[in-house]
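Here the structure comes first, spelled out in structure tokens, and everything after it is commentary.
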2 protein chains.
Amino acid sequence: MTTINKIERILKKVEHDCLQSGLRLTKKRRNVLQILLQEQEPLSAYDIVERYKITMAESLSAMSVYRMLDFLLAAGLVHKLETTNQYLACSHIICEHQHQIPQFLICDQCHKVEEVGLCKQLLDELKASIENTGFSLLSQQLELHGLCAHCKKQE
Amino acid sequence: MTTINKIERILKKVEHDCLQSGLRLTKKRRNVLQILLQEQEPLSAYDIVERYKITMAESLSAMSVYRMLDFLLAAGLVHKLETTNQYLACSHIICEHQHQIPQFLICDQCHKVEEVGLCKQLLDELKASIENTGFSLLSQQLELHGLCAHCKKQE
DNA sequence: GCTATAATGTTATGATGTAACATATCATAA
DNA sequence: TTATGATATGTTACATCATAACATTATAGC
């Protein structure tokens with residue numbers, strides 16, 4: 001299946017799911033999600049403004065993009081990388097299974113990001129170890145920086 | 001020992017260490033470090049500009065503060081929280097033992113931050129689990145958000 | 001269709017961070 | 001000791017990330 005068809009399929013499913021759950025996936029929100037799905041790298045909000053103008057032949061203010069991102073984040077369709085102020089489509093949108101808390105491996109060289117689900121046991125141990133100190137975790141999103149296998153090889 | 005004396009002692013040690021290793025801890029760099037040591041919370045660069053003006057009766061541009069932070073970061077005296085764009089003094093400056101990669105527990109309510117050293121074994125497992133995927137970690141700094149024991153109790 | 005609510009447009013501004021070049025200070029070698 | 005090169009700081013401008021406030025438009029449900 002081509003990438004475009006795959007993205008179309010994801011978007012159709014998201015449209016369907018939003019309808020089911022009463023979320024209003026407007027045309028523009030859908031377009032922003034589409035842009036994030038098409039990219040291989042995370043984008044800043046202003047990157048999205050640019051991509052939107054190019055690919056949708058229509059301009060959108062940064063303010064609007066931030067609002068659409070807020071919607072997509074709340075819907076769990078998009079993640080924000082707090083360490084780089086960038087946004088990317090959740091790589092599990094299409095899955096049926098329960099979404100886990102995401103962990104991101106961020107390549108500081110080529111800037112590609114892999115969304116991984118670390119071993120649950122390991123995460124639970126990490127969580128337990130932290131909560132033993134009396135601290136309560138609100139999120140287990142981890143952002144880990146380094147080099148992807150490809151960039152590492154080139155060194 | 002009073003807090004002020006404690007901070008003075010730390011600063012003296014840092015001065016001594018920098019002299020030993022040829023790092024130039026100038027008056028202003030020392031002042032910025034002092035401000036971070038005096039705070040119980042992490043500060044943004046612009047917070048430091050303000051604090052500097054008040055406590056040192058002298059103004060410093062944001063540009064200069066960023067440069068001084070760069071120096072202090074490179075010297076391992078200060079950490080940057082990438083998820084909040086804030087800076088804080090390393091809580092182990094005075095220790096003799098090898099500094100570990102820091103992990104931060106950030107209270108999203110009161111904004112206090114605890115620098116913890118998680119169990120080495122756990123971190124090694126985490127690292128191994130990640131590197132199994134072919135990814136090479138460049139930093140193991142973790143920033144974990146939640147509620148500190150105090151704020152949790154108040155809920 | 002009317003009305004309340006949600007979504008988007010528009011403008012301005014706050015917050016974080018860096019580029020580029022000028023000046024000052026310091027270490028050290030002639 | 002002063003000339004010189006390197007390091008540190010000053011200064012200005014600007015890039016980048018994000019939100020406040022208020023106007024307008026679109027939509028859902030009566």
Side-chain angles (χ1 to χ4, degrees), chain A residues 14-15 18-36 41-53 56-75 77-88 106 108 111 143, chain B residues 14-15 18-36 41-53 56-75 77-88 106 108 111 143:
Chain A
V14 169
E15 272 175 358
C18 284
L19 212 59
Q20 290 288 318
S21 51
L23 295 175
R24 279 158 67 174
L25 184 73
T26 63
K27 179 76 180 164
K28 293 183 176 181
R29 287 170 175 171
R30 185 185 187 282
N31 287 344
V32 169
L33 179 58
Q34 182 182 334
I35 285 170
L36 288 174
E41 301 179 15
L43 299 178
S44 76
Y46 282 79
D47 290 338
I48 294 171
V49 170
E50 271 184 49
R51 300 288 300 135
Y52 199 101
K53 188 158 194 171
M56 306 295 164
E58 181 187 9
S59 76
L60 208 53
S61 71
M63 181 77 261
S64 292
V65 167
Y66 278 109
R67 285 193 288 223
M68 286 154 201
L69 287 171
D70 284 343
F71 169 86
L72 295 168
L73 286 165
L77 298 168
V78 159
H79 299 295
K80 176 177 186 185
L81 299 179
E82 295 291 347
T83 54
T84 60
N85 302 307
Q86 289 173 312
Y87 303 83
L88 77 172
I106 302 165
D108 289 335
H111 305 298
E143 300 180 24
Chain B
V14 169
E15 273 174 358
C18 284
L19 210 59
Q20 290 288 318
S21 52
L23 294 176
R24 278 157 68 173
L25 185 73
T26 64
K27 178 77 178 161
K28 293 183 178 183
R29 287 169 173 172
R30 186 187 187 281
N31 286 345
V32 169
L33 179 57
Q34 182 181 333
I35 286 170
L36 287 174
E41 301 179 16
L43 298 179
S44 76
Y46 283 80
D47 290 337
I48 294 170
V49 170
E50 272 184 49
R51 301 289 300 136
Y52 199 100
K53 188 159 197 172
M56 305 296 164
E58 181 187 11
S59 76
L60 208 53
S61 72
M63 180 77 261
S64 292
V65 167
Y66 277 109
R67 284 192 288 223
M68 287 154 201
L69 287 171
D70 284 344
F71 170 86
L72 296 169
L73 286 165
L77 299 168
V78 159
H79 300 295
K80 175 175 187 185
L81 299 179
E82 296 289 348
T83 54
T84 60
N85 302 307
Q86 289 173 311
Y87 304 82
L88 76 172
I106 303 165
D108 289 334
H111 305 298
E143 301 179 24

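Every chain is numbered from 1, with letters handed out A, B, ... down the list of sequences.
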Given atom [atom1] of [X] and atom [atom2] of [N], what is their separation to the nearest angstrom?
{"X": "E58(B)", "N": "dT11(D)", "atom1": "CD", "atom2": "P", "answer": "11 Å"}
{"X": "E50(B)", "N": "dG14(C)", "atom1": "CD", "atom2": "C1'", "answer": "13 Å"}
{"X": "L60(A)", "N": "dT8(C)", "atom1": "CG", "atom2": "P", "answer": "8 Å"}
{"X": "N31(A)", "N": "dT8(C)", "atom1": "CG", "atom2": "C1'", "answer": "14 Å"}
{"X": "K53(A)", "N": "dG9(C)", "atom1": "NZ", "atom2": "P", "answer": "13 Å"}
{"X": "L25(B)", "N": "dT7(D)", "atom1": "CG", "atom2": "C1'", "answer": "15 Å"}
{"X": "F71(B)", "N": "dC26(C)", "atom1": "CZ", "atom2": "P", "answer": "15 Å"}
{"X": "R29(A)", "N": "dG9(C)", "atom1": "CZ", "atom2": "P", "answer": "11 Å"}

>> Taking only side-chain N and O atoms of K27(B), does any of them lie within less than 4.0 angstrom of OP1 or OP2 on dA8(D)?
In response: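 It does not, given that no N or O in the side chain of K27(B) lies less than 4.0 Å from OP1 or OP2 of dA8(D).
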> For M68(B) and L60(B), what are the C-alpha separation, side-chain angles and deciding distance, and is it a side-chain contact (heavy atoms from CB on, under 4.5 Å)?
Replying inline: CA-CA 10 Å; M68(B) 287 154 201; L60(B) 208 53; 3.8 Å; yes
Could I get the full list of side-chain contact (heavy atoms from CB on, under 4.5 Å) partners for [X], not counting sequence neighbours?
{"X": "Q20(B)", "result": "H16(B)"}
{"X": "R67(B)", "result": "M63(B), S64(B)"}
{"X": "E82(B)", "result": "T83(A), K80(B), E143(B)"}
{"X": "E50(A)", "result": "none"}

> For nucleotides 14-30 of chain D, read 5' to 3', which letter fits each nucleotide if B means a protein heavy atom sits under 4.0 Å from the base, S means only the sugar-phosphate is that close, and - means neither?
Replying inline: ---BBBBB-----S---
> Paired with dT8(C) by Watson-Crick or G-U wobble geometry, both distances under 3.5 Å: which nucleotide is it?
Replying inline: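 Base-paired to dA23(D).
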>> Assess the residue pair Y87(B) and L72(B) against the criterion (side-chain contact (heavy atoms from CB on, under 4.5 Å)); give the C-alpha distance rounded to whole Å, side-chain angles, the decisive distance to 0.1 Å, and a yes or no.
In response: CA-CA 10 Å; Y87(B) 304 82; L72(B) 296 169; over 6 Å; no
>> Side chain of T26(A), heavy atoms from C-beta onward: which of dT11(D), dA8(D), dT8(C) has the nearest atom to it?
In response: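 For the T26(A) side chain, the nearest candidate turns out to be dT8(C).
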> What pairs meet the salt bridge (Lys or Arg N to Asp or Glu O under 4.0 Å) rule with one or both residues in residues 19-36 of chain B, with sequence neighbours excluded?
Replying inline: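 Checked against salt bridge (Lys or Arg N to Asp or Glu O under 4.0 Å) - neighbours excluded - the pairs reaching residues 19-36 of chain B are E8(B)-R30(B), E15(B)-R30(B), K28(B)-E58(B).
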